[in-house]
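Here is the structure we will look at, set down as structure tokens.
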Amino acid sequence: MKNNSVTLAPPDIIVEQLVASGIEYVFYNSGSREAKFFNALQANPKIHGILALHEGSVASIAGGYSQVNKKPAVMLVHLGAGLAQSLGQVLNLWRAGLPVVILTFGGDTGSYIDKLGLDLPHNSGLTDISNPFVKQSWTVVEPNALPLTIDRAIRTAMSPPMGPVHLAFYDRILDHDPIPTKIIPNSVPYPKAGIPTQEDISNLANELSEAKRPLIFFGDGISTDESIKTICNLSNNLGIPLCGNFFQNILEHPMFCGAINTIEDIKPDVLFCLGVTQMSGGDLIQKNDYRKFEIPDKVILAGSNPDNLKPLPNLVSTILADETHLLNSLDSYIKTNISKSFSQRIKWAVNQSKKWKASTKLIAQKSPKTSNTIRPFILAEAIDKELSKAGGGIVSMEQYCVPIDSITPDSTSPSNVYIRPAGGSEGYGVGGALGVKMASPEKNVIGLIGDGSLYYAAMGLWTAAHHNINILYIIANNGAYGVVAGHFKNAGGIMSDTNEYSGIVLDKINPATIAKGFGLESETVNNESFLSDAIQRGIEFTKNNNQPYLLNVMLPIGLPDGGKAAQPFKLS
């Protein structure tokens, strides 16, 4: 491998290696003790810093950037305190297996003093608090091998199973004199999980071909354009319904059947789980997470992450392999070796999808019409229709009240991609949508964000305005933590008995006003007749002005039927 010899100061070496590794952006929050790094970043025209006002926003923007097509992202947060502030969103990066490299600089609390401002204490290492949330971490003491350190961190994040990597530097290296070193070019392809054996492919093909009611359950391992296209082709050819985990859906596919809960209706004899990492809600309502896997006679697990292969009821086979390579091999094998007709099963699979879509739409349309609000299913349909008319695009979401699954996309119009949040830690949506737009600048991007999610991370709006990131935010404003309200209702007790809820209603907050304070043009929509025009106007504004825009869409309040806010405690 050819290396480029240079003599540079350590901050310049770090930045030069990031550029050589193909990194276009560093997502960051400024810190005084990293001043020499930021000087090096500003001096290099081949890489750009994207400033966020909170470390959680830094992590979510980096996550959205890598979520689109699993591209490596780099973020930097300030010392131990900044790292701690980011961890709620770093958890999401870890949960989704996103290849984000986290850079921090920390002080020496061992040689002279026990406590150093904003750093972790002397009895804690620089990576201690990040370790539960990252794939790997290490501390850098000396500057001599910085190119190798940066290259290794990016390659570790990109190697299956992908995930965030924390690189903690002692900040004294930034003051080191220029040193001779070699910049490593990005000439070696990132590794993949491997190739499935011929026996694995043969057995899997036979199981799926002979099954009467097969079902494919796909997860985070199916996220790139190529893998989505491949799994849809396999489903079409073999007549196998598809369902995704909570964070994945393919609405336009004629055999898509929603989330894994559809297993109770399909009752498959063979369930093929591909790239799925099982996750529980962890509460009493979801105490039977694994019971659904007792329904099929056989369960087959496959994926590039060993976590994809952890045992489930009725497990008969596991395959550790790259998901896209496995799908291509499976498709090729079936075309060559299996001649049976799947026409009847194709009709069955399409019918299963139609039944699921009809049921989902019927439930969504039960939302009552109230004055000065827009029904959630009307908002879902309007977003899909207007974005398709504009040429299609991506909807990056963190909200739980607009029933996206109830949409029936127009097969004659450009399709839209719906990306759910990378994990369940609230506050991902605003920044995540920014990252999606930066990774796909040529596409229309809508950030569909709940009002509660917005308030976790509203400062991300400033980043959109500051860097002219032309994204349309649509705030689904139901004035409450609606999901939490449902749990409070089901828990019984005084809230259920009185139908009055504490800690739920988010009143006297105006997202449009917040947006204007951060420098965005915005408007409020509370009439269904004006909604489509407002969405169209917002899309056109982002295109014509290269600036963000925000629509505050008023929905019915997110409380159980007849519910209202309990009187809060007031100090005076």
Side-chain angles (χ1 to χ4, degrees), residues 246 249 251 258-259 261-262 265 285 354-387 395 397-409 418 420 429 446 448-455 473-512 523-535 538 551-567:
F246 182 73
N249 58 22
L251 294 177
N261 292 337
T262 195
D265 298 318
I285 294 174
K354 287 180 178 179
K355 285 166 55 179
W356 169 77
K357 290 175 180 175
S359 173
T360 303
K361 185 178 287 290
L362 182 64
I363 293 171
Q365 291 178 343
K366 289 182 179 180
S367 174
K369 185 174 177 57
T370 58
S371 61
N372 297 320
T373 64
I374 291 168
R375 288 168 289 180
F377 78 92
I378 295 291
L379 176 56
E381 291 174 354
I383 289 173
D384 193 70
K385 180 180 177 181
E386 294 305 322
L387 189 56
V395 181
M397 302 180 289
E398 187 179 40
Q399 59 83 34
Y400 307 98
C401 58
V402 179
I404 293 298
D405 287 346
S406 70
I407 295 168
T408 303
Y418 291 84
R420 297 185 188 269
I446 290 176
L448 178 58
I449 314 297
D451 55 326
S453 299
L454 170 69
Y455 305 147
Y473 282 110
I474 297 179
I475 307 305
N477 187 354
N478 68 352
Y481 291 130
V483 172
V484 180
H487 284 263
F488 282 10
K489 175 74 172 178
N490 293 332
I494 187 171
M495 292 194 205
S496 178
D497 293 343
T498 63
N499 215 13
E500 295 183 359
Y501 298 88
S502 300
I504 296 295
V505 174
L506 308 173
D507 55 0
K508 301 179 182 179
I509 312 174
N510 189 326
E523 64 177 293
T524 294
V525 188
N526 61 5
N527 187 312
E528 292 178 357
S529 299
F530 303 149
L531 178 61
S532 292
D533 287 344
I535 294 173
L551 292 179
N552 172 34
V553 180
M554 303 302 297
L555 306 179
I557 191 165
L559 291 175
D561 290 345
K564 62 181 181 179
Q567 183 65 33

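This one's a predicted model, so the numbers in the text were calculated from it and none came from an experiment. Index from 1, following the sequence. Basis for what follows: all heavy atoms, side chains included, without hydrogens, waters or symmetry-related copies.
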Next item on the list: Evaluate the side-chain proximity of P560 to N499: yes if any heavy-atom separation is below 4.5 Å, no if none is.
Entry: yes

Next item on the list: Please report the closest heavy-atom contact between A566 and S502, naming both atoms and the distance.
Entry: CB-OG, 3.5 Å

Item checked: Value rounded to 0.5 Å, distance of CG in L454 from CD1 in I449 -> 8.0 Å

Margin query: Looking at I509, I want to see if its CD1 is surrounded by more than 12 non-hydrogen atoms of other residues, nucleotides or ligands under 6.0 Å.
Written below: yes

Notebook entry, point to check: When rounded to the nearest 0.5 angstrom, what distance separates CG in L379 from CD1 in I475?
Noted result: 10.5 Å

Check: Taking only residues two or more places apart in sequence or in another chain, which ones pass side chain to side chain donor-acceptor pair (under 3.5 Å) with T370?
Finding: T373

Notebook entry, point to check: Is there a side-chain contact between Y418 and I407, using heavy atoms and a 4.5 Å cut-off?
Noted result: yes

Checklist line | Where C401 and N478 come nearest, the two heavy atoms and their spacing | finding: CB-ND2, 3.9 Å

Check: Is the number of heavy atoms from other residues, nucleotides or ligands under 6.0 Å of D507 CG greater than 12?
Finding: yes

Checklist line | side chain to side chain contact (heavy atoms under 4.5 Å, CB included) assessment of I474 paired with V395 | finding: CA-CA 10 Å; I474 297 179; V395 181; over 6 Å; no

Note to self: I need the minimum non-hydrogen distance between Y501 and I504, along with the two atoms involved.
What the structure shows: CB-CG1, 3.9 Å

Note to self: Checking K354 now: which residues fulfil salt bridge (charged side-chain N to carboxylate O under 4.0 Å, His left out) with it, not counting sequence neighbours?
What the structure shows: none

Check: Taking all atoms of both residues into account, what is the closest heavy-atom pair of L251 and K357, and its distance?
Finding: O-NZ, 3.5 Å

Item checked: K385 atom NZ, over 12 foreign heavy atoms within 6.0 Å -> no

Check: Once you round to the nearest 0.5 Å, how far does OG of S453 lie from OH of Y400?
Finding: 6.0 Å

Note to self: salt bridge (charged side-chain N to carboxylate O under 4.0 Å, His left out), that's the test. Do K366 and D561 meet it? Break it down for me.
What the structure shows: CA-CA 12 Å; K366 289 182 179 180; D561 290 345; over 6 Å; no

Margin query: What I'd like to find out is whether the side chain of I404 reaches to under 4.5 Å of the side chain of Q399, using heavy atoms alone.
Written below: yes

Note to self: Would K361 and E381 count as a salt bridge (charged side-chain N to carboxylate O under 4.0 Å, His left out) here? Give the steps.
What the structure shows: CA-CA 11 Å; K361 185 178 287 290; E381 291 174 354; 3.4 Å; yes

Notebook entry, point to check: Which pair of non-hydrogen atoms, one from T524 and one from A512, has the smallest distance, and what is that distance?
Noted result: OG1-CB, 3.6 Å

Notebook entry, point to check: About how many Å separate CD1 of I374 and NZ of K369, when rounded to the nearest 0.5 Å?
Noted result: 8.0 Å

Check: Can you tell me how far OG1 of T360 sits from CD of Q365, rounded to the nearest 0.5 angstrom?
Finding: 11.0 Å

Notebook entry, point to check: Do L551 and E523 come close enough that some side-chain heavy atom pair is under 4.5 Å?
Noted result: yes

Next item on the list: Rounded to the nearest 0.5 Å, what's the gap from CE on M554 to CG on D451? Could you check?
Entry: 8.0 Å

Next item on the list: Measure across L448 and A476 and return the closest heavy-atom pair with its distance rounded to 0.1 Å.
Entry: CD1-CB, 4.4 Å

